Amino acid sequence: MDNILGEGNPLGKEIRVDGVPYTVIGVGDRQGKTLGQSQDNWVAVPITTFLQTYGHNDSLGIYVRASGGAKAMERAEDKVRVMMRARRHNAPASPTTSRLIPTTPS
């Protein structure tokens with residue numbers, strides 16, 4: 001936020017993302033860089049706002065963290081897979097039209 005709004009508390013201030021104004025309601029912890037690439041250059045918006053702004057055909061990434069180890073993550077992945085298949089009206093035996101990309105915790 002320092003690069004966009006300068007020093008001070010950013011809460012309640014306005015930023016623009018792709019020309020669309022948003023009010024800052026929270027900030028994430030600084031993550032720093034990985035291989036020279038900033039991990040702090042992101043913004044989260046309500047999914048309904050994303051879909052209204054960019055449409056339903058653009059790519060959408062949803063990041064989930066499940067506490068409780070590998071078994072909890074497997075259960076979370078299964079639940080997400082079921083929800084995505086239902087949302088996209090995929091029959092049980094048909095190929096999926098979405099994908100999950102499991103990552104290891106940082």
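Computed from a prediction, not measured in an experiment: that's the story for all the values here.
Residues R16 and P21 share a closest heavy-atom pair of NH1-CD, 3.6 Å. The two residues D40 and D29 come nearest to each other via the heavy atoms OD1-O, 4.0 Å. Of all heavy-atom pairs between T34 and Q39, the closest is OG1-CG, 3.5 Å. Between S67 and A72 the shortest heavy-atom distance is O-CB, 3.3 Å. In plain terms, the two heavy atoms of P10 and V27 that are nearest each other are CG-CG1, 3.7 Å.
Going from atom CD of Q52 over to atom CD1 of I47 covers 11.5 Å, rounded to the nearest 0.5 Å. For the atom pair OH (Y22) and CD (E14), the distance works out to 11.0 Å, reported to the nearest 0.5 Å.
Here the side chain of S94 pairs no donor or acceptor atom with the backbone of N90 at under 3.5 angstrom. Listed for the D18 side chain is no donor-acceptor partner under 3.5 Å among the backbone atoms of V20.
Note on V17: it clusters hydrophobically with V24, by side-chain heavy-atom contacts below 4.5 Å among ILVMFWY residues. When hydrophobic clusters are built by joining Ile, Leu, Val, Met, Phe, Trp and Tyr residues whose side-chain heavy atoms come closer than 4.5 Å, directly or via intermediates, V82 is not grouped with V80.
Residues satisfying the side chain to side chain contact (heavy atoms under 4.5 Å, CB included) test with K71, not counting sequence neighbours, are E74, R75.
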